[in-house]
Peer 1: 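Mind having a look at this structure? Questions to follow.
Reminder, nothing fancy here: chain letters follow the sequence lines and each chain counts from 1.
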Amino acid sequence: MKTIIAMLVTLTIIGVVSGGGLAMISGWAAPLIAANKKAATERAIFLVQPEAKQYEAVAEVPYELYRVLDEGGQPTGYSFPWEGNGFQGNIRMMIGLTPDLATITAIEVLEQVETPGLGTMILEDPFRGQFNGLKTEPQVDWVKGAPPTKENEVQTITGATISSKAIVDIVNDGLARLRTDLAQGGDK
Amino acid sequence: MDLNILIAIATMGGLGFIFAGALAIADKKLRVEENPLIGKVNDALPGANCGACGKAGCYDFAVNVVEGTISPNGCPVGGQDTANEVAALLGIEAGTAVKIVARVLCRGGNIEAARKMVEYRGPQSCATMDLVSGGSKMCQYGCMGGGDCVDVCTFNAIYLGDNGLPIVVDELCTGCGMCVKACPRDIIELHPADREVFVFCKSHDDPKTSKEVCEVACTGCGICARKSDGGVVLSDGLAVIQWENFDPEKIPFDKCKTSAICYLRDAFNQMQEGTADADAQKLAADVNPEQKN
Amino acid sequence: MSSVTVTEAPTGQELLLSTSPHLHSRWTTKQLMWFVVLALVPCVISSVVYFGFYQLVIITTAVVFAAGTEALIQYLTKKPVTISDGSAVITGLLLGLIVPPYFSPAFTALGAVFAIAVGKMVFGGLGYNIFNPALVGRAFLQAAFPVAITTWTIPQFAVDAVSKATPLAAFKFDNVVTPLTPLVVGNVGGSLGETSAIAVLIGGIFLLVTGVANWRIPAAMIVGMLLFGGVLWLLDPAAPDPVFHIFAGSFLFAAMFMASDYVSSPVTGTGMWIYGLGISLVTVLIRVYGGLPEGVMYSILFMNAFVPLINRYTQPKLFGEGKA
Amino acid sequence: MIFKTFPGGVHPPEEKELSEHCAFERMPAPSIVILPLSQHLGKQARPLVEKRAVVAEGQVVAEADGFISAPVHSPITGTVKSIGRESHSSGYAREALVIVPTEAKEGETLPEPQRLPALDPAIISVADIRARVKEAGIVGQGGAAFPTFVKLTPPEGKQIDTVILNGCECEPYLTRDDRFMIERPDAIISGLQLIMRALGVSKGVVGIESNKPQAIASMESAVAGQPDLSVCALQTKYPQGAEKMLIKAVNGREVPPGKLPLDVGVVIQNIGTAIAIHDAIAHGEPSITAALTVTGRGIRNPKNLIVPVGTPLSEVIAYCGGLTEDAAKVVVGGPMMGVAQHDLDAPVMKATSGIVILTQDEVRRQEETACLRCGKCIDACPLHLLPTRLARLAQLGMIEEAERLNITTCMECGSCAFICPANIPLVQWLRLGKQRVVHMQRNR
Amino acid sequence: MELILIFVSAALVNNFVLAYFLGICPFIGVSNKLSSAFPMGLATTFVMVLTAIVTWLIYHLVLVPYNVEYLQYVSFILVVASLVQFVEMVIKKVSQPLYRALGIFLPLITTNCAILGLALFIVLKEYSFVEGIFYGVGAGAGFTLAISLMAGIREELELADVPAAFRGAPITLIVAGLLALAFMGFAGMITV
Amino acid sequence: MSKKQVSLFNDYTKGVWDQNPVFKQVLGMCPALAVTVSAMNGIAMALATTFVLVFSSFIISLIRKLIPSQVRIASYIVVIATFVTIVDLVMRAQFPELSKELGPYIPLIVVNCLILGRQEAFSSKNNPFRSVLDALGMGTGFLIALASLGAIRELFGSRSILGVQLLPDAFEPWLIMILPAGAFLTLGLMMGGLNAMILRRKRREEADILSKHIPKTYVAASEGQEV
Amino acid sequence: MRGEDIYEEGIVLSVESGRATIAVALGEGCEECTAKLFCSGNATKQNTVLVRDPFGVRTGDHVRFVVHGEDMFRASFLLYGIPLLLILGGVLVGTYLYDPGMMPNELWAFLLGIAPAVVYYMLFFLTGQRTGGDSMMPDIVLVQGRRE
């Protein structure tokens with residue numbers, strides 16, 4: 001019985017001390033972590049909207065959506081994170097759009113687990129750059145093995161067709177959702 | 001203190017409490033029986049789990065001590081005190097463990113033992129040669145020189161000499177007995193390292209056959225047995241030493257025509273002479289200059 | 001040793017002593033291996049015909065580095081050097097035939113070294129490797145240089161090469177079905193040795209007729225492909241038909257030369273069937289649902305890993321313990 | 001024509017043409033006879049005579065010691081020179097009587113050759129058959145040399161319905177049974193009928209491989225008109241003559257591992273055994289001669305011989321013209337399961353079926369290479385074992401695993417080692433494994 | 001369909017052992033006999049599913065509502081450890097003979113990284129309850145597959161002539177590497 | 001150095017090589033394989049692990065006498081998990097990039113066999129000073145292993161070490177090295193190579209004994225008695 | 001499934017009517033195992049096992065025994081496989097088919113998943129103690145040495 005009490009007491013005390021200590025450290029760290037996260041989001045938002053100077057969150061949709069504004073507070077477009085399946089797993093990206101949703105300003109991949117050196121070429125400019133100013137009507141399309149001929153086409157990466165296609169698919173998926181939601185919300 | 005901290009403390013305290021409770025119950029139900037001796041021995045050890053004894057850790061050492069496969073003084077960290085303590089627990093003496101080594105009881109090398117008029121083809125291992133008319137030597141009892149004992153020795157304490165017989169290196173031999181098991185003809189035996197005289201033959205052949213087959217076989221003449229006062233007995237044509245009665249002083253070594261019974265060192269020296277391996281002799285000379293053959 | 005010596009052996013020569021049986025069949029390892037090398041010659045020729053003489057450089061590099069690595073490792077570990085048994089040559093040859101045309105010889109050499117060193121020698125050399133060494137080499141190259149190894153050239157007799165997708169890639173990414181005739185003849189993009197079904201079949205049939213290769217594995221693979229490929233084709237009209245599956249890519253080549261590799265395939269008859277069917281199933285799944293256009297290589301490697309288990313569970317029933 | 005057979009097996013070169021046309025010759029008495037006390041499976045016989053005793057041809061010189069044992073008769077009239085360990089065709093020295101022919105000294109007469117009283121095979125009783133077979137020291141001629149009397153005395157309650165005479169002679173080179181069937185079909189049938197009577201069986205089959213058309217014809221005419229007897233032609237394949245394989249081929253039954261043919265209602269006897277039984281009963285002849293084939297490319301004049309038991313191999317070889325220049329290996333028994341000899345003083349024994357002398361060319365073995373796991377041995381193994389794995393297990397000393405994979409079932413037919421392209425001496429390793437497993441089982 | 005994808009992804013494409021290196025300890029340690037490897041995998045799957053369930057509940061019903069997500073490591077590991085002990089206790093109580101049969105050859109590994117990893121991944125990937133469970137089943141199946149294959153291969157390698165320096169952990173790692181190569185063929189399958 | 005110093009010194013050094021956690025004890029494989037795509041990641045992971053190891057060793061050896069043996073492991077886990085959470089929080093607050101890179105492998109330090117193993121084998125039996133030394137030693141060994149593994153993988157997989165390009169552009173990086181398969185293979189080959197070195201040294205030592213001892217055994221014996 | 005047999009060695013701790021309790025020495029397998037630190041029994045690193053003893057061993061004997069692989073498979077299916085399926089089934093039913101709506105759906109599904117497993121274990125407890133019996137016990141195969 002004595003050992004049982006000893007066991008209970010010891011472990012409870014260790015738990016209490018651990019919990020207390022962690023709570024305190026978390027109290028210090030939590031704001032910093034939140035700030036980091038905010039900074040990262042902000043950076044991504046502005047990365048896909050090079051012109052923008054400020055942003056505000058759009059509350060009408062049940063997911064993250066930011067309206068970006070110029071110096072004068074005039075809306076210059078949308079930035080929103082979207083995700084979908086890649087070659088190996090999830091790809092999460094930030095998509096920047098003009099206010100009429102007809103043109104992509106830029107995209108930025110936030111998280112991915114694609115094949116290093118191959119699938120990860122989606123992060124690099126030869127591919128990513130193609131999205132700057134890309135038309136989205138009727139939807140983004142891809143071509144393989146040849147330079148794109150239309151305004152809404154991108155060329156896939158050799159050897160990483162699937163990853164390239166995944167990006168296009170995610171963009172289209174996000175766009176579609178956005179179009180319906182914004183049309184309903186009448187945000188314009 | 002703000003609420004968050006309190007919640008954290010409560011959560012962790014609660015979890016700790018519940019876990020401890022569960023463990024307490026589990027402990028009651030799951031307690032494992034063990035040989036109390038092993039636990040005691042374990043407690044007596046330094047607990048460094050250093051592995052210097054060659055075991056996985058102190059507990060493993062304790063198991064082995066209790067099992068008897070390692071001597072109480074096998075823990076180099078604990079030293080003599082630990083050894084005594086452990087020995088006391090086991091009721092045996094600490095330092096009395098005698099070094100046991102393997103001894104090859106055949107001297108019928110390539111020169112001494114007659115070879116068949118055949119060429120054996122097949123795996124060069126004693127175990128398999130033994131299946132095919134016993135390899136290429138005539139003797140059905142002697143060493144075939146296939147080196148199975150060499151192969152199984154994890155300590156590299158045994159090697160094949162130049163005349164085809166295995167030689168045991170006492171310093172490396174741990175007396176583990178692997179070679180004894182490996183020898184299909186039971187030529188290798190474990191003996192205390194200080195035993196000097198052996199009957200270097202296992203042949204039960206009749207005198208005539210043994211003479212034909214091997215220069216150094218025991219012919220079973222019985223001279224040593226008659227003089228030894230029971231230290232050597234004749235069993236099915238072979239002299240066998242009875243160690244409890246054995247006194248080397250009584251053995252008329254020069255009467256043994258084949259020197260089947262002789263001192264270990266003589267057996268070795270003859271082997272040295274018999275082989276033309278200059279290196280081995282040079283080695284001997286290097287280490288011990290006054291001892292030149 | 002007899003107490004009565006009758007006569008010496010009449011001619012006095014030394015007799016041989018060994019265990020029974022005293023007779024031996026004509027097959028030797030070396031012979032089996034060099035027969036396989038011989039069977040690969042048509043594929044080598046077809047690769048030269050379709051892709052030019054430069055391909056011989058690639059194939060030779062693979063062979064030389066494979067054999068050289070084996071010899072070097074055996075020399076360093078003080079084991080008898082056994083490259084003359086031809087197994088390393090086969091590995092090199094196979095590896096050379098499953099890389100794309102105009103593949104970098106340096107990469108080929110690296111693949112060959114890896115195939116032998118990691119695919120074979122760390123397991124103890126010939127007979128102990130779990131995975132097919134040539135495929136290990138190829139998988140290594142695929143993982144290390146994914147772009148280079150998926151850059152295909154169309155077969156032509158001209159000097160400047162043009163990159164073109166393989167029939168399978170064409171199907172996967174562009175939904176283009178290559179007609180059967182070029183597939184059979186070999187006038188399509190693909191690895192060096194695998195494009196021409198005719199060349200593969202000549203070699204393969206040679207192996208089957210001489211009894212070097214066991215017929216069960218190729219048979220099981222083809223049956224499996226007709227079965228699984230067919231079922232999928234019936235269920236899903238978008239999937240290619242099974243005949244296309246069989247003739248496209250390296251399926252036939254793998255069936256004849258890779259999957260039937262003795263060491264890394266099961267030893268029992270039932271096991272061979274399971275193994276072949278398994279390869280087909282995984283191949284179809286990868287080709288239709290996977291990210292890669294071709295899956296034969298991975299399916300064989302994957303099934304290689306199953307071989308120990310297959311062997312264990314397909315042990316023949318002991319004589320007298322029910323019908324085997 | 002489709003011949004019956006069993007699954008598995010191999011096709012070694014037959015090489016029977018060397019001696020299949022040579023009729024039996026009777027070899028004259030040798031200059032010395034080495035008479036091992038264990039020429040049979042089971043306990044060795046107990047000698048009845050002392051050194052220097054004079055013995056008559058046909059006299060019992062050693063008696064059966066126990067149930068599974070057989071007496072030994074002197075094949076010549078002579079003097080016992082010694083009793084001790086002598087060469088033996090198993091490769092290991094065994095206890096043997098050495099008898100040399102003696103010239104009659106003045107005032108002495110040599111004992112007359114002894115024979116047992118002849119009995120009429122037509123009316124002999126079951127008990128008499130068994131007694132005579134035992135008395136005559138007959139052992140199985142198929143190679144294992146199991147005392148025949150034991151086989152004719154099945155345990156109570158065993159239902160036996162068929163006797164199969166084994167005329168397969170699947171071992172390459174050997175032609176003894178072939179010759180017997182050509183030369184003495186009636187004696188064989190008489191022997192078969194005696195065996196059937198002893199066992200109370202009404203069905204007798206003679207199994208013959210298809211490569212002996214003459215023998216098949218001869219036996220078929222001998223059984224003609226006897227509805228209970230038949231000849232069964234079998235595919236030529238090794239090891240067709242192994243008991244279990246033969247039963248499988250002839251009537252499709254499989255003998256479970258560890259069981260005897262008896263357990264599936266079959267008794268198998270060799271052609272030679274049938275003749276020995278006939279001779280022992282009809283002519284009162286004890287087992288003092290061995291019929292054997294001396295053949296191979298390493299002997300000058302291949303022959304089929306009838307040799308007094310105990311004749312040293314060297315004398316037999318000399319009688320056949322001696323070894324050729326390139327003779328390399330002397331095998332007692334067939335080349336697939338026989339024992340290579342290291343000492344030509346070893347004697348011919350009751351069950352010796354042949355001496356095969358192979359030349360350098362025939363025995364030249366390629367170097368042993370690594371196992372490729374080609375599975376040829378598994379296809380070849382008539383007992384459906386995994387020879388390559390068992391051999392490796394034996395080699396590595398993983399005895400328990402080998403036991404679990406039924407290593408003890410192996411009959412050492414050698415099909416696996418014959419077919420192995422890597423030249424691995426599988427049989428040797430298997431034998432080692434079996435030995436170790438048995439050793440371990442005994443230690444339990 | 002989504003659930004099947006999660007399962008296939010966890011079992012084949014992103015195999016816990018071969019792609020995430022989780023559960024390497026038992027993978028190297030317990031993979032020498034199929035008879036212990038497969039039951040081990042099964043038991044791990046069982047514990048994984050339980051873990052997935054319990055940690056999901058704790059995280060979503062306790063930690064998140066009270067805003068103490070930072071306690072997840074401490075609480076998860078405690079929960080996992082006690083869960084395993086509890087399971088072991090139940091098993092022992094339920095059937096002494098069976099427990100004995102598995103007994104010492106099938107230790108439930110208290111602090112198996114794969115199990116904690118699973119709990120963390122479920123949180124990280126924001127799986128729903130059922131998704132989390134399927135992820136657990138897939139991870140367990142993948143672990144069982146990998147460890148069983150490895151066990152078969154290692155038994156085969158016991159008969160092989162592996163150079164002394166590579167026996168044990170090194171050859172196991174190399175085989176694991178080659179297995180990982182072979183599993184790469186499944187990449188992309190989740191984008192069905 | 002006094003004997004005591006030697007033993008203290010040994011507390012530290014044994015972890016570096018003789019009992020190197022990765023190469024010799026095969027512990028902590030999960031991070032060793034997962035995060036070593038670059039030398040930097042390996043070093044960061046090893047430092048984080050060492051931090052947790054040292055502090056938890058210190059705490060545990062301090063309170064080792066107070067913990068009933070039944071809740072030993074549980075207590076250790078809580079202590080370790082606490083420190084891991086601290087590391088994680090600090091990293092997320094101060095080094096968000098690195099934290100993202102090492103991903104979910106930081107929390108898995110909790111179940112690193114190495115840490116629990118040291119608590120069980122050493123800290124629970126020794127005083128805080130020695131425990132910390134031991135922990136530092138193990139940490140160093142871990143660091144060496146992870147850094148070297150990371151360096152090799154980075155060199156061949158990305159042409160550089162610690163971000164400094166060492167191989168020319170002409171060298172096509174071997175992508176396999178930064179894939180899981182490459183991690184297994186590299187570590188397996190490294191361990192095999194190290195074992196080969198050790199074996200060779202052992203062989204040499206045995207050969208040494210062999211050459212010195214054989215004659216002595218017999219020769220010495222014959223000095224005692226002459227026949 | 002046909003499992004292979006596992007051979008282990010250990011020392012006899014106690015004997016009672018045809019069964020022996022054996023302490024398994026940390027063999028080579030265990031030494032290699034990196035997971036050894038966490039092997040079940042939390043208080044001691046030693047493991048004991050109850051085995052059938054056809055030889056009449058004595059305390060202190062060094063014996064070799066066999067664990068039948070088939071039994072391992074069977075036991076693991078009975079103990080883990082079936083409950084796993086029950087839990088999965090329960091959870092799926094709770095999630096998709098029936099929602100009482102009085103508590104968080106997940107908690108409900110959890111309870112519905114655990115319930116059949118608990119029932120299963122209870123049934124097993126009631127019947128298993130008798131039926132399981134000795135049939136899955138390892139057997140001693142070899143007495144290797146006696147301690148003098």
Peer 1: Does atom CD of B/Glu244 have more than 12 heavy-atom neighbours from other groups under 6.0 Å away?
Peer 2: yes
Peer 1: Hey, what do you get for CZ (D/Arg431) to OG1 (B/Thr128), rounding to the nearest 0.5 Å?
Peer 2: 11.0 Å
Peer 1: Verify salt bridge (charged side-chain N to carboxylate O under 4.0 Å, His left out) between B/Asp205 and D/Arg85, making sure each step is shown before the conclusion.
Peer 2: CA-CA 8 Å; B/Asp205 270 333; D/Arg85 296 161 58 80; 3.3 Å; yes
Peer 1: Testing the basics here: between D/Arg436 and B/Ala127, what is the closest heavy-atom pair and its distance to 0.1 Å?
Peer 2: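 Closest approach of D/Arg436 to B/Ala127, heavy atoms only: NH2-CB, 3.3 Å.
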Peer 1: What part of B/Val152 gets within 4.5 angstrom of chain D, counting heavy atoms only: side chain, backbone, both, or neither?
Peer 2: neither
Peer 1: By a 4.5 Å heavy-atom criterion (distance strictly below it), what part of D/Gln435 contacts chain B: side chain, backbone, both, or neither?
Peer 2: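 Only the side chain of D/Gln435 comes within 4.5 Å of chain B.
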Peer 1: Rounded to the nearest 0.5 Å, what separates atom CD in D/Gln428 from atom CE in B/Met129?
Peer 2: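 CE of B/Met129 is found 9.5 Å from CD of D/Gln428.
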Peer 1: Go through the atoms of D/Ala340 and report whether side chain, backbone, both or neither lie under 4.5 Å from a heavy atom of chain B.
Peer 2: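 Looking at D/Ala340, just its backbone touches chain B.
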Peer 1: To the nearest 0.5 Å, tell me how far B/Leu131 CG sits from D/Leu430 CG.
Peer 2: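 If we round to the nearest 0.5 Å, B/Leu131:CG and D/Leu430:CG are 10.5 Å apart.
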